[in-house]
Amino acid sequence: MNLVLFGPPGVGKGTQGMRLAQEQGLAHLATGDILRAAVQDGTEYGKQAKAFMDSGTLVPDDIVVGMIEERITGNGEAGFLLDGFPRNVAQAEALDAMLDRHGMHLDRVVFMHAPEQALIERLSGRLICRACGFSFHRQYSPPRVAGRCDRCGGELYQRDDDREDVIAERLKVYRVQTEPLLAYYRDASGFRQVDAAGEMQAVYAALKEVVEH
Ligand code: AP5
């Protein structure tokens, strides 16, 4: 099963995508996570990407597309879940071309949506584990011990781009560059939508339903 999750920043792609990929044995390919790891490791890609990420704008397509191709072919039969890619129509076209080259296809493209006020509240309260990448929320899913990950005990931090001014820029970039993907994918047979405004467990159930049917 190969699938794409797309939607605005904070809608829950990472939270739900990590769980779904784990349960289905899929590779969870989150371009944001891959880029943040590259920044932390100080790689050439990371150095080029950092300023774009800090300002809430998109990293140039050639960097991101190059990172994806080697990874979509690396998980054998089980398949992959793409989270945060494609992010604009040019990346969607590049993805189609690479899938064609490898004789692969997308089984599902799932659009997750929620009202903008909910997105802002989710992003501004988010905490992430530095060690395992698991997401918490100060109000909606607080860690048992303040500042520590429930899963691995790692340190929790707030992402630099979860500041109010950068969130506003990311939402603007989403509307202009990512929302046109709706028109690109809407008529595909595997296209589905999920209302992601509810609580996490309900959203997960809705997501599972559209992935399986
Ligand atoms: P990226 O890391 O992909 O960020 P994003 O798309 O902005 O998405 P987020 O990770 O912020 O949100 P999410 O939908 O995963 O929400 P989450 O599950 O964490 O990208 C960051 C940057 O990298 C970009 O700005 C760009 O510069 C660059 N980049 C990445 N991909 C790129 C690409 N393809 N091309 C070019 N540049 C690229 O949830 C958010 C919070 O809400 C959490 O605290 C969570 O606990 C909570 N929450 C989740 N669901 C619920 C719920 N149902 N109810 C209550 N709280 C909830």
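Note that this is a predicted model, so its numbers are computed, not measured. Remember, it's 1-based here, ligands and their atoms both numbered in the order they're listed. All heavy atoms count here, side chains included; hydrogens, waters and symmetry mates do not.
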Nearest neighbour in protein (non-hydrogen) for [atom]:
| atom | result |
| --- | --- |
| atom 12 (O) of ligand 1 | G10 N, 2.9 Å |
| atom 38 (C) of ligand 1 | L35 CD1, 3.9 Å |
| atom 15 (O) of ligand 1 | G14 N, 2.8 Å |
| atom 35 (N) of ligand 1 | Q91 NE2, 2.9 Å |
| atom 34 (N) of ligand 1 | G84 O, 2.8 Å |
| atom 21 (C) of ligand 1 | R159 NH2, 3.5 Å |
| atom 49 (C) of ligand 1 | T15 OG1, 3.6 Å |
| atom 32 (C) of ligand 1 | T31 OG1, 3.6 Å |

Which residue from [options] reaches closest to [atom] through any of its heavy atoms?
| atom | options | result |
| --- | --- | --- |
| atom 55 (C) of ligand 1 | F6, F134, Y140 | Y140 |
| atom 20 (O) of ligand 1 | R170, R87, Q16 | R87 |
| atom 57 (C) of ligand 1 | E169, R126, M18, M200 | M200 |
| atom 41 (C) of ligand 1 | M53, E121, R122, M67 | R122 |

Any atoms of ligand 1 less than 4.0 Å from a non-hydrogen atom of [X]? List them with their elements.
| X | result |
| --- | --- |
| R36 | 2 (O), 21 (C) |
| S135 | 19 (O) |
| S141 | 46 (O) |
| F136 | 43 (C), 44 (O), 46 (O) |

Polar proximity ligand 1 side, [X] side, N/O cut 3.5 Å exclusive:
| X | result |
| --- | --- |
| G198 | yes |
| G56 | no |
| K13 | yes |
| G12 | yes |
| T57 | yes |
| V11 | yes |
| V59 | yes |
| D162 | no |
| L123 | no |

- Distance-only polar pair, side chains of H28 and D83, donor-acceptor under 3.5 Å: yes
[X] with [Y]: basic N within carboxylate O range, under 4.0 Å:
| X | Y | result |
| --- | --- | --- |
| D162 | R170 | yes |
| E209 | R192 | no |
| R126 | E121 | no |

- Message: Between F111 and V210, is the side-chain contact (heavy atoms from CB on, under 4.5 Å) condition met? List the steps.
- Response: CA-CA 10 Å; F111 170 56; V210 301; over 6 Å; no
- Message: Could you go through E116 and R175, starting from their C-alpha distance and side-chain angles, then the distance that decides it, and tell me whether this counts as salt bridge (Lys or Arg N to Asp or Glu O under 4.0 Å)?
- Response: CA-CA 11 Å; E116 197 161 297; R175 283 192 292 272; 2.8 Å; yes
- Should M112 be listed as contacting ligand 1, given a heavy-atom distance under 4.0 Å as the test? no
- Query: Is the shortest heavy-atom distance from the side chain of V4 to the side chain of R108 under 4.5 Å?
  - Reply: no
- Is the charged tip of R19 near the ring of Y204: under 6.0 Å from the six-membered ring centre and within 45° of its axis? yes
Quick check: does any side chain N or O of [X] sit under 3.5 Å from a backbone N or O of [Y], one acting as donor and the other as acceptor?
| X | Y | value |
| --- | --- | --- |
| Q24 | L26 | no |
| S135 | I128 | no |
| K13 | P8 | yes |
| N88 | T178 | no |
| R71 | I68 | no |
| S141 | F136 | no |

- Message: Restricting to non-hydrogen atoms, name the atom on C149 and the atom on C132 that form the minimum distance, rounded to 0.1 Å.
- Response: SG-SG, 3.7 Å
- Query: What do you reckon, are the aromatic ring centroids of Y185 and F191 less than 6.0 Å apart?
  - Reply: no
- side-chain contact (heavy atoms from CB on, under 4.5 Å) partner of V11, the single match among V194, L119, L123, V203: L119
Between [X] and ligand 1, which part of the residue brings a heavy atom under 4.0 Å of the ligand: side chain, backbone, both or neither?
| X | answer |
| --- | --- |
| P9 | both |
| N88 | neither |
| D83 | neither |

